[in-house]
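As the structure is a prediction and not an experimental result, all values here were calculated from the model. Any value given below was found using the heavy atoms of this structure, including those in side chains, with hydrogens, waters and symmetry copies removed.
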Amino acid sequence: MKTLLIAINSKYIHTALAVDYLYEVTKDLNTEKMEFNINQNYSHVFYEIAQKKPEVILFSTYIWNIDYIRKLSRDLKKATGAMIGWGGIEASFDVDEHFKNNPALDLIIRGEGEVSTRELLFALENNADLRNVSGVSFRNDDKIIHNKNRELIKNLDDIPSPFDNFKYTKGKIVYYEMARGCPFKCTFCMSSTIKGVRYFGEKRIKSDILKIINSGAKIVKLVDRTFNANEKKSMEFMDFIRENARPGMIFHMELMAHLISDEFLDYLRTLPKGLFQFEIGVQSTNTKTLEAIERVTDFDRLKNVVEKIHSYNNIHQHVDQIAGLPYEDYESFRKSFDDIYSLPAEKHQLGFLKVLRGSKMKLDAEKYGLVYSENPPYEVLRTDFISTDELYRLKIIEDLVEEFRNENHFDNTLSYLLKDISPFVFYEELSKFWEKNGYHKVGHKLEDLYKKLYEFLLRRSDIAIIIELIRLDFISNIDKNPPEYLNPRPVLNEEKHEILKDKRVRALFEIGMETPTKFLVKDFRFEKIKIGGVIKMVGVNYKKDGNVVKFIY
């Protein structure tokens, strides 16, 4: 019996840890795993699956791929006659609804799937009664049979590792988990549906990490919902990673910042620069909102922790905010935005509430007047507290924060513009300008963003200062001469050579004195910038990581 285990990822760079697990527990049962992404040509994906002549096709479902999988299920059933099964978080809730709306669907594996999938395929292979397979629902003539729930796997080490023969694919993110479950019960999160936290064994985790490191992987993203749920374990595994990681590797993990102890903070100070990235969920600073979503947070402590970590200059931090939560109206969101934006993190990630199947938030939707899309990803459309028009405004602001703040291409300009005003007010006004000119409907090259920001600010009385800062940001990020609207102050070739002969300049860029200037000029761009009433020379070496800017007085 030929079985295909299929993952449909949201992007090419993503990988499917769930399907890797399923393959490891079933590979002796004539299974094959296949990975695609939702951006691929549908016809190509369909034919690649169909030509395998499968008898059973099992899909791993999530909010980002369920529509794609519905379509594939219909067409593959007609073309191959294969038995179609779904598993994963999206399929595990509202099971009867899935069967009703998807005639091609034959069975669903609910919840944790490793043991259930193996037992299911073994039963199918041997024509055994599927009623004996826990955690499975299946179509039986005109009836839907729901077998009893599958107990959670007590010893996670019983699951074979998907990294024993792992081969890294260039350009992909490697996903890994050290634990399942979460000690917190945030009502919008699916982790709240699982009781307790279970850990893989220390030996297993270290073995897997070494295999991932030795594979040549660049970015490893931990899917643990709260990496610092056990600080002692966290520090032990971070030590192990530090001792073994290759140069240039990044390990990304989610943490609850307000729970980080002073001892853990002191430890974080010792870590090498760039090895770890932290994602910190703040979501809101409205106390009533946090109570409603059952998320207890000490924002003052969280702020102190983020500031301390930022001062170490060794860990990249993302802070998250969610729009559309209960009791968060437009004014409340504005305050939360300013509170979170003030945190010295590298990225402010603004998202919108998804009312997920099986979540407590969905059960409470009527209570809070949550009106959400019936289509994946089930995003909120309005609530008793915030209107559709206000959410639309926040959508544009979300894009602007991503374009202007999170990519760090406007650091000098934004630092000046936001020194005395609310960040939300700035982005709100920029969003109105964006909408008025139709800029929210199209994509933008980086070079064009500088021009549009200039247009937005052109009527300000301090535009002369702003032009200097936009020009500084422009040359810091784009290897081109500044455009005329930025009033460039070109530096003569002779001046460039003289600058590059200066020992202090060579030291700034870590260049030895033995290299002739004629070999260096092409790698530098110099520009005179008026800062604080004084003209300073700025040199940018475009071969330096991040186009590092050095000031030369």
Side-chain angles (χ1 to χ4, degrees), residues 168 170-171 213-214 216-220 238 241-251 268-277 309-317 344 346 407-416 446-447 450 468-483 486-553:
Y168 172 66
K170 187 177 180 180
I213 289 171
N214 292 333
K218 299 293 184 183
I219 301 176
V220 182
M238 292 174 90
I241 291 169
R242 170 169 55 178
E243 291 163 6
N244 293 281
R246 291 173 297 97
M249 286 193 78
I250 296 171
F251 283 76
L268 296 177
R269 185 197 300 269
T270 70
L271 296 173
K273 185 173 183 176
L275 179 57
F276 295 102
Q277 288 185 354
I309 294 173
H310 178 74
S311 72
Y312 303 157
N313 194 34
N314 61 349
I315 297 171
H316 188 99
Q317 299 181 93
E346 280 68 25
E407 296 304 318
N408 304 116
H409 292 144
F410 297 83
D411 287 352
N412 296 288
T413 309
L414 288 178
S415 179
Y416 172 79
L446 176 58
E447 190 171 348
Y450 289 103
E468 297 294 310
L469 294 170
I470 294 178
R471 191 164 82 255
L472 174 57
D473 283 326
F474 185 99
I475 67 165
S476 301
N477 295 285
I478 298 179
D479 189 4
K480 283 185 178 182
N481 290 324
L486 291 179
N487 300 338
R489 290 190 177 94
V491 178
L492 297 175
N493 237 21
E494 294 81 357
E495 285 184 273
K496 295 177 185 177
H497 281 274
E498 287 304 312
I499 293 167
L500 289 171
K501 289 177 184 177
D502 191 316
K503 289 182 179 180
R504 294 169 300 167
V505 176
R506 298 259 181 153
L508 284 172
F509 290 100
E510 301 175 355
I511 299 171
M513 293 301 297
E514 68 280 358
T515 307
T517 58
K518 66 181 180 180
F519 296 125
L520 299 175
V521 171
K522 61 180 173 49
D523 297 332
F524 280 81
R525 188 170 301 284
F526 292 97
E527 185 71 25
K528 295 173 183 175
I529 306 289
K530 193 172 185 179
I531 301 172
V534 178
I535 293 179
K536 300 180 180 181
M537 190 80 73
V538 177
V540 184
N541 184 334
Y542 291 96
K543 287 195 173 180
K544 282 280 185 183
D545 291 341
N547 296 338
V548 177
V549 179
K550 302 292 183 181
F551 289 86
I552 305 160
Y553 294 86

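Judged purely by atom type and a 3.5 angstrom limit, Glu346 uses its side chain to pair as donor or acceptor with the backbone of Gln317. Although no hydrogens or angles enter the test, the distance criterion places no donor-acceptor pair under 3.5 Å between the side chain of Tyr450 and the main chain of Pro482. Although no hydrogens or angles enter the test, the distance criterion places no donor-acceptor pair under 3.5 Å between the side chain of Arg269 and the main chain of Ser311. When atom types are taken as modelled, the side chain of Asp523 and the backbone of Asn541 share no donor-acceptor pair closer than 3.5 angstrom.
Nearest heavy atom pair, residue Phe474 against residue Lys480, reads CE2-O, 3.8 Å. Nearest heavy-atom pair across Thr413 and Asp473 is OG1-OD2, 2.6 Å. For the pair Leu486 and Arg471, the tightest heavy-atom approach, listed with the atom from each and the gap, is O-NH1, 3.0 Å. In terms of heavy-atom proximity, Asn477 sits nearest to Asn408 at OD1-O, 4.0 Å. Shortest non-hydrogen contact noted between Lys170 and Tyr168 is CA-CE2, 3.7 Å. Between Pro488 and Pro483, the shortest heavy-atom contact is CD-O, 3.4 Å.
Between atom NE2 of residue His310 and atom CG of residue Asn314 there is a gap of 11.0 Å, rounded to the nearest 0.5 Å. Interatomic distance, CG of Asn412 versus OG of Ser476, reported as 6.0 Å (0.5 Å rounding). Considering CE of Met537 and NZ of Lys496, their distance stands at 10.0 Å, rounded to 0.5 Å. The distance from atom CZ of Arg504 to atom CD1 of Ile499, rounded to the nearest 0.5 Å, is 10.5 Å. Atoms CG and NZ, from Asn487 and Lys530 in turn, are 11.5 Å apart once rounded to the nearest 0.5 Å. Between atom CD1 of residue Ile241 and atom CG of residue Asn244 there is a gap of 9.0 Å, rounded to the nearest 0.5 Å.
At a threshold of 4.5 Å between non-hydrogen side-chain atoms, the residues Leu275 and Met238 do not count as touching. Counting only heavy atoms from C-beta outward, the side chains of Arg525 and Asn481 approach each other to under 4.5 Å. Between Arg242 and Thr270 the shortest side-chain heavy-atom distance falls below 4.5 Å. Counting heavy atoms from C-beta on, the side chains of Leu500 and Lys518 never come closer than 4.5 Å. Here the side chains of Tyr312 and Lys273 are not in contact, with every heavy-atom distance at 4.5 Å or above. Within the 4.5 Å cutoff, the side chain of Thr515 has heavy atoms near those of the Arg506 side chain. Put simply, the side chain of Ile511 does not reach to within 4.5 Å of the side chain of Phe519, judged on heavy atoms. At least one side-chain heavy atom of Phe410 sits under 4.5 Å from a side-chain heavy atom of Leu446.
In this view, Phe276 satisfies the ring pair (Phe, Tyr, Trp, His ring centres under 6.0 Å) rule with no residue, not counting sequence neighbours. Annotation: salt bridge (charged side-chain N to carboxylate O under 4.0 Å, His left out) contacts of Lys503 (sequence neighbours excluded): none.
Salt-bridge check for Glu468 with Arg489: passed, with a basic side-chain N closer than 4.0 Å to an acidic carboxylate O.
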